[in-house]
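This report refers to the structure that appears directly beneath it.
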Amino acid sequence: MFTLARSCARLIYFTLSEMGRMGIFLATSLLQIVVPPLQVTQLLRRIDFIGARSLLLIIFTGAFTGMVVAFQGYTALRRFGGEAFLGPGVGLSLIRELGPVLSALMITGRAGSALTAELGIMRITEQIDALEVMALNPIRYLVVPILVATLITFPLLNAVFVVVGIYGGYLVGVELLGVSAGSYFSQMSSAVTSADVWGGLYKSLSFGLIVAWVCCFKGFYAARGAEGVSHATTQAVVMCSVLILVWDYFLTSIL
Amino acid sequence: MIQFRNLHKSFGTQRVLAGMNLEIPERSIFVVIGRSGAGKSCLLKLLIGLLHPEAGEIQVNGVDVCSLRGRTLNDMRSRFGMLFQGGALFDSLSVYDNVAFPLREKTRFSESTIRRKVHERLAQVGLSGIDEKFPAELSGGMRKRVALARALVSEPEILLFDEPTTGLDPIRVNAIHQLIRDLHKKLRFTAIIVSHEIPEIFSIATHVAMLHDGTIIATGTADEIQASPNPVIQQFIHGRSEGPIEAN
Ligand SMILES: Nc1ncnc2c1ncn2[C@@H]1O[C@H](COP(=O)(O)OP(=O)(O)OP(=O)(O)O)[C@@H](O)[C@H]1O
Ligand SMILES: [Mg+2]
């Protein structure tokens, strides 16, 4: 009984101190964004890695997501004769929900885990210490370019995901299942408002922040050799995914 | 002048430094010897502020470095150069960019001056013509020498070398020692060298100290240390397995 209480207390203490450290890490990173000069080469390298090289994956998953949504939507809508609303159904679900969330989850798996591993290896091989010894701020050098790169790439990849998804839905809904092309697009464009588009944009921006924050934090403070790095990578991916979904619910309920 | 006063450092229950005292005169080549795991690397990391002691202070020209934070700490660190035991080269940068890194980030030299300085240092450590290679493509000893070139390139006032020659062949060991001595004559830096190259390192040391059981058990010139009657020192520098220190 006593040991149980004690381990609970320790867990709570650990969780709270970890949250505190994460908060401080985020605040420091955000502050360092405005400290010039921005590491342009690093930034471009990160944009290439997180953005450009995720493009194919995003196109692929976007297309199939759109196609599945169209299929499911068609089956459901046909039961009460609402096939004409397939366009708005596909468009709204992609723009408001599936685009931001799925693209963020895909990028976490592809790029977030790699970023954690990279920073973790830099930590355990003392490269981060070497930066500190050179009187350079490792957060400004390593974390800020990643943070800025996710803020730039997430909305763009989200947009690609949505556009490709809508065309995927078009392929299935119109070309395969026979919904009229005119109603697919015209219903969609009258149903989707700019608020929906902005909502999706805010979501993907905040997911970008979450991914950079969690993945960098876990890698930056990795310890205990190769095992520590693999542990940090797993934790980063799990934590990002959970946070993305929880934060998504929260945003959906207020936006 | 660098002074360590009553320094204590532990990791969990393991005590690494227990009331260590040491004075390092300016412009000396100060060699620290001691067994593997004695805490020599910790000593350097404490000095540069990567680790924090539980008690005691480290003064560099009268300023306690352990209490420095932020900008003042960075100003202090700008006067130091460090060669890490593992090299700590940036794997995403080529050899050339690694060595040029401190100059590009901390000075306003033109790219042509930087190129000249980098090539000079790389030639001095015997590594011309590998500019475009990445750290992962080098041998352990080559990596060590690139790291040495990086530590030397910005010509700091105080240089910390954590085992600069470990993993090198005997000819290179002497060449690196010679290089450190020549550069010391020219640049007049203070060097703190952690080394296991006994007795080769004694030829360049102006001072030697031995770290054992969390404290400095002796300091002096190389000759004084070699002539020391202390059985611990005698056993250590002659590498005998019998004596007051247990071999394992
Ligand atoms: N980050 C750390 N966490 C826990 N213990 C550590 C840490 N760093 C060092 N130690 C411990 O401190 C002791 C001293 O380590 P240090 O690296 O200073 O040894 P050293 O004298 O440099 O040895 P070597 O000659 O093998 O490099 C070791 O016993 C090590 O286990
Ligand atoms: Mg060491």
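Each chain gets a letter, A, B and so on, in the order the sequences are listed, and its residues count up from 1. Since we're looking at a predicted model, the values are computed, not measured. Values reported hereafter were calculated over all heavy atoms of this structure, with side chains retained and with hydrogens, waters and symmetry mates removed.
Counting heavy-atom neighbours within 6.0 Å of H8(B) NE2, excluding the residue itself, gives a total above 12. Within a 6.0 Å sphere centred on CG of L16(A), heavy atoms belonging to other residues, nucleotides or ligands number more than 12. Heavy-atom neighbours of R96(A) CZ from other residues, nucleotides or ligands within 6.0 Å: at or below the threshold of 12. Counting heavy atoms of neighbouring residues, nucleotides and ligands inside a 6.0 Å radius, atom CZ of R188(B) exceeds 12 of them. Residue R110(A) qualifies as enclosed at atom CZ: its count of foreign heavy atoms under 6.0 Å is above 12. The number of heavy atoms from other shown groups lying within 6.0 Å of CD (E54(B)) is above 12. Annotation for Y96(B): atom OH counts as buried by contact number, over 12 foreign heavy atoms lying within 6.0 Å.
Interatomic distance, L50(B) CG to E132(A) CD, rounded to the nearest 0.5 Å: 6.0 Å. Summarising the geometry, atom OG belonging to S92(B) is positioned 12.0 Å from atom CD1 belonging to I121(A); distances are rounded to the nearest 0.5 Å. Taken from CG in N137(A) to CG in N74(B), the straight-line distance is 7.5 Å, to the nearest 0.5 Å.
Interface remark: L89(B) contributes backbone atoms only to the contact with chain A (heavy atom separation under 4.5 Å). Neither the backbone nor the side chain of R71(B) has a heavy atom closer than 4.5 Å to any heavy atom of chain A. Neither the backbone nor the side chain of D75(B) comes within contact range of chain A; no heavy atom of the residue lies under 4.5 Å from a heavy atom of that chain.
Residues A130(A) and R150(B) share a closest heavy-atom pair of CB-NH2, 3.8 Å. Of all heavy-atom pairs between M122(A) and F90(B), the closest is CE-CD2, 4.2 Å. Contact record, M134(A) with P102(B): CE-CG, 4.2 Å, taken as the closest heavy-atom pair.
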(request) With side chain to side chain contact (heavy atoms under 4.5 Å, CB included) as the test, would you mind laying out the steps for K45(B) and E126(A) before giving the verdict? (result) CA-CA 11 Å; K45(B) 286 183 188 169; E126(A) 298 180 320; 2.6 Å; yes
